[in-house]
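Accompanying notes for the structure given below.
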Amino acid sequence: MSGFRTIVGKAVAMDRANVDTDQIIPKQFLKRIEKTGFGQYLFYDWRYTKEGEENPDFELNQPKNQSASILIANENFGCGSSREHAPWALSDYGFKVVIAPSFADIFHQNCLKNGMLPLKLQAEEVAYLIEKAQNQPYHLTIDLEKETVTDNNGFLASFPITAYWKRMLLNGWDEIEITLQLDEKIAQFERSRAVIS
Amino acid sequence: MGKTIIDKIWEKHVVHQEEGEPDLIYIDLHLVHEVTSPQAFSGLRMKKRRVRQPERTFATMDHNVPTVNRYKIDDPVALNQMTTLEKNCLEFGIPLAGMDSPEQGIVHVIGPELGLTQPGMTIVCGDSHTSTHGALGAIAFGIGTSEVEHVLATQTLWQTKPKTLKIEINGQLRKGVTSKDVILYILSKHGVNFGQGHVIEYCGEVIKRMSMEERMTICNMSIEGGARAGLISPDETTFSYLEGRKHTPKGEAFKKTVMQWRELASDDDAGFDRTIMIDANVITPMVSWGTNPSMTSGIKDSIPYLKDCKNELEQKSLERAIDYMGLKEGQKIADIEIQHVFIGSCTNSRLEDLRQAAEMVKGKNVHPTVRALVVPGSQQVKKEAESEGLDVIFQKAGFEWRESGCSMCLSMNNDIVPSGERCASTSNRNFEGRQGTGARTHLVSPVMAAAAALYGRFVDVSEKVSVEAL
Ligand code: SF4
């Protein structure tokens with residue numbers, strides 16, 4: 001993964017709460033053993049009709065939302081199954097950022113591990129962004145270093161991110177590599193409790 | 001102030017700690033299944049990394065497996081995923097309970113059953129229902145595939161210490177009300193994200209009296225409330241459940257271990273970040289009617305009215321949900337007709353679940369318009385149930401008796417509910433499309449599912465039907 005500092009992109013609004021990972025990527029697409037290629041199945045049951053046609057009512061299918069890279073949704077986004085196929089599908093589709101008032105814990109973690117930013121903003125801020133993005137093509141800038149989200153029109157919000165993840169993402173570090181540097185400490189821990197019941 | 005079991009287990013597992021940073025915690029047991037692991041193993045291979053502790057890792061296949069003709073897997077993509085797991089386990093030296101093993105089953109059923117799951121452990125699996133194992137007094141939580149890879153390579157995880165939430169359940173459960181109804185009730189009252197960032201400890205009189213299997217049902221659905229994990233302090237019930245299981249210490253060693261396990265329980269004066277009190281006396285048999293597990297009501301209740309919603313967002317969710325479910329506001333739960341019944345999943349596919357359901361259907365017949373399935377959670381559960389003759393009871397009543405696996409809980413194999421049809425299901429999620437595209441899931445307890453099979457609709461098992469077994 002390579003590091004990044006800012007993301008500029010078009011935002012699409014999905015004014016729904018409790019969007020679960022079964023919707024983000026339905027189970028019939030979890031049988032593949034690769035990490036890539038899941039974008040075509042993203043939100044499959046919402047995106048396509050029973051006949052396999054694009055559903056024109058679905059947010060992502062609207063012409064003004066094409067090539068969006070920032071998804072704005074409502075509370076508890078990514079609840080349910082731990083499937084990392086959900087962030088894989090979002091990022092394969094082209095999303096780099098998801099903004100919501102709250103996220104399910106495992107999904108939040110899974111996003112960060114894949115270099116995708118789950119940004120938690122205040123409910124009023126999210127409501128404002130949703131309204132903007134629903135009505136017009138809408139662009140946002142995310143600055144990871146400054147921890148801010150801005151638009152071209154004076155909107156400014158800051159998002160929380162731990163020092164740990166800020167460092168990992170800015171530098172694009174491999175987490176396993178970092179942990180393996182503590183190999184001796186792990187071994188020592190293992191020796192210190194010879195038998196774990 | 002005393003310590004919670006969560007504090008105690010956490011402290012014992014910290015490998016590395018720095019102010020303002022997540023802790024590096026050691027993982028005692030890593031369970032693996034076919035769906036969320038292949039990309040992790042590929043990652044290891046690409047970087048030429050090994051599995052640090054293969055003997056702390058245990059694999060099985062459950063999500064994709066057929067429950068009839070179990071060796072005949074029609075879908076080549078699913079077959080590839082299963083053989084990939086076999087190859088990975090062989091290459092990295094990981095024990096595998098594969099299709100031909102008498103230990104095969106749903107990963108969260110076999111962990112406790114084999115005594116792999118033990119009090120005081122940290123347990124992870126690439127599966128959100130790992131919270132099940134908390135019933136034995138372990139911190140057990142679901143992780144994504146990147147974390148699976150991290151645990152395989154390092155046997156550790158970077159984790160911020162979760163907050164603690166105590167749910168105390170006191171009183172007396174009414175006849176016909178089971179642990180499934182208790183957790184559905186909690187979700188109906190507190191929603192699908194009240195547990196975010198927390199580990200829940202369930203306690204109180206009702207939990208004390210529950211069997212190990214009933215406790216597993218409750219912990220299993222902690223994730224449905226958004227919690228990181230759910231657990232129960234170990235007690236005599238836990239110890240006697242574990243005694244004599246395959247991977248638990250034997251003889252004197254067991255006694256010594258039990259002494260250590262006793263120390264784990266939360267201290268009486270332990271402080272929690274939050275507490276929720278539940279009165280068991282008011283809980284009735286529950287039925288979910290919507291598209292997330294908090295959209296659940298008592299059997300005597302009705303679907304809520306749109307006008308009673310707290311805000312616009314809630315109203316929109318309710319509208320979407322009842323539209324998907326083909327229901328009307330104000331409709332009585334007891335009037336909902338069902339076409340399918342699924343008794344199974346890591347929530348309710350253990351021996352006690354099957355016994356209760358069998359007691360309900362014994363000598364009776366499945367309603368002519370209903371198709372009903374029993375899918376034991378593991379090969380071992382299946383064998384024990386058969387030795388008690390439960391398979392015969394079910395089949396005589398008109399149920400199909402299947403091989404072990406996840407089956408219709410998420411319908412990755414051929415066990416699917418057709419679009420627009422309804423299923424009374426003992427599983428844990430009623431999300432849109434979970435049991436098949438357009439399928440409508442109603443979450444219930446095993447005994448409620450069994451009764452629904454007989455009547456073709458939901459009935460109040462606490463009064464309409466005699467339930468001596470309860
Ligand atoms: S039974 Fe259902 S919830 Fe449990 S592990 Fe299998 S698919 Fe997941």
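Being a predicted model, the structure only gives us computed values, none of them experimental.
In this structure, chain A has heavy atoms under 4.5 Å from both the backbone and the side chain of B:T145. With a threshold of 4.5 angstrom between heavy atoms, B:T160 does not approach chain A through any atom at all. Using a 4.5 Å cut-off between heavy atoms, A:Q188 makes no contact with chain B at all. Looking at A:A187, the atoms closer than 4.5 Å to chain B (heavy atoms on both sides) sit in the backbone and in the side chain alike. For B:T154, the parts sitting under 4.5 Å from any heavy atom of chain A are the backbone and the side chain alike. In this structure, chain B has heavy atoms under 4.5 Å from both the backbone and the side chain of A:S81. At a 4.5 Å heavy-atom cutoff, B:E34 makes no contact with chain A through either its backbone or its side chain. Within the 4.5 angstrom heavy-atom criterion, no atom of B:E312 approaches chain A. Contact of B:D75 with chain A is made through the side chain alone, with heavy-atom distances under 4.5 Å. If you measure heavy-atom distances from A:H108 to chain B, you find no contacts under 4.5 Å at all.
Under a cut-off of 6.0 angstrom, the local environment of NZ in B:K250 is crowded, with over 12 non-hydrogen atoms contributed by other residues, nucleotides or ligands. Crowding of A:K64 atom NZ: a count of heavy atoms from other residues, nucleotides or ligands under 6.0 Å exceeding 12. The environment of B:K316 atom NZ is dense: over 12 non-hydrogen atoms of other residues, nucleotides or ligands sit within 6.0 angstrom. Residue A:E131 qualifies as open at atom CD: its count of foreign heavy atoms under 6.0 Å is 12 or below. By the neighbour-count criterion of 12 heavy atoms within 6.0 Å, atom NZ of B:K163 is sparsely surrounded, having that number or fewer from other residues, nucleotides or ligands. Applying the 6.0 Å contact sphere to NZ of A:K166 captures more than 12 heavy atoms from other residues, nucleotides or ligands. Counting heavy atoms of neighbouring residues, nucleotides and ligands inside a 6.0 Å radius, atom NZ of B:K161 exceeds 12 of them.
The distance from atom CZ of A:F77 to atom CG of B:N193, rounded to the nearest 0.5 Å, is 14.0 Å. Rounded to the nearest 0.5 angstrom, B:Y26 OH and A:I186 CD1 are separated by 8.0 Å. With rounding to the nearest 0.5 Å, the separation of CG in A:D105 from CD in B:Q196 is 5.5 Å. With rounding to the nearest 0.5 angstrom, the CD atom of A:Q109 is 12.5 Å from the CH2 atom of B:W158. Taking CG from B:L410 and CG from A:D22, the interatomic distance works out to 7.0 Å, rounded to the nearest 0.5 Å. Interatomic distance, A:I33 CD1 to B:T84 OG1, rounded to the nearest 0.5 Å: 4.0 Å.
Most heavy-atom pairs under 4.5 Å with chain A, from the set B:L79, B:V148, B:T36, B:D127: that is B:D127. Contact tally against chain A (heavy-atom pairs below 4.5 Å) for B:N428, B:N64, B:V192, B:N80: the top residue is B:V192. Between chain A and the options B:Q53, B:E147, B:H129, the largest number of non-hydrogen pairs under 4.5 Å is found for B:E147. Most heavy-atom pairs under 4.5 Å with chain A, from the set B:T248, B:T156, B:V77: that is B:V77. Your options are A:Y44, A:F103, A:F107, and the one with the most heavy-atom pairs under 4.5 Å with chain B is A:F103. Interface check for chain B: of the options A:N18, A:D20, A:D45, A:N110, the most heavy-atom pairs under 4.5 Å are formed by A:D20.
With A:K31 contributing its side chain and B:M412 its backbone, the two residues share a donor-acceptor pair below 3.5 Å. The main-chain N or O of A:L30 is found under 3.5 Å from a side-chain atom of B:Q81 such that the two form a donor-acceptor pair. A distance-only check finds a donor-acceptor pair linking the side chain of A:K27 to the backbone of B:R434 [under 3.5 Å]. Judged purely by atom type and a 3.5 angstrom limit, A:E175 has no side-chain atom pairing as donor or acceptor with the backbone of B:H150.
In this structure, B:R320 forms a cation-pi arrangement with A:W46, its terminal cationic atom sitting closer than 6.0 Å to the ring centre and no more than 45° off the ring axis.
Side-chain contact check for A:D15 versus B:L313: some heavy-atom pair is nearer than 4.5 Å. A heavy-atom distance below 4.5 Å is not found between the side chains of A:R32 and B:P38. Inter-residue side-chain proximity for A:I106 and B:I223 is flagged as met; some heavy-atom pair is nearer than 4.5 Å. You'll find the side chain of B:V15 stays beyond 4.5 Å of the side chain of A:L182, heavy atoms only.
B:F431 and A:G80 get closest at one heavy-atom pair: CE1-CA, 3.8 Å. Heavy-atom minimum distance, A:S82 versus B:S128: OG-N, 3.4 Å. A pairwise comparison of heavy atoms in A:F189 and B:V14 identifies CE1-O, 3.6 Å as the closest pair.
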Q: For the pair A:L180 and B:R49, evaluate side chain to side chain contact (heavy atoms under 4.5 Å, CB included) and give the outcome as yes or no after the intermediate values.
A: CA-CA 10 Å; A:L180 287 174; B:R49 287 169 179 152; 3.7 Å; yes

Q: For side chain to side chain contact (heavy atoms under 4.5 Å, CB included), just list the numbers for B:K47 and A:I176, CA-CA rounded to whole Å, side-chain angles, deciding distance to a tenth of an Å, and then say yes or no.
A: CA-CA 10 Å; B:K47 300 261 169 133; A:I176 297 180; over 6 Å; no

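No hydrogens or angles considered: nothing links the side chains of B:Q39 and A:W88 as a donor-acceptor pair under 3.5 Å. A:E190 and B:Q155 form no side-chain donor-acceptor contact under 3.5 Å, judged by distance and modelled atom types alone. Counted by atom type alone, B:S146 and A:E84 present one or more donor-acceptor pairs between their side chains at under 3.5 Å.
Between B:R52 and A:D183 there is a salt bridge, since at least one side-chain N of the basic residue sits less than 4.0 Å from a carboxylate O of the acidic one.
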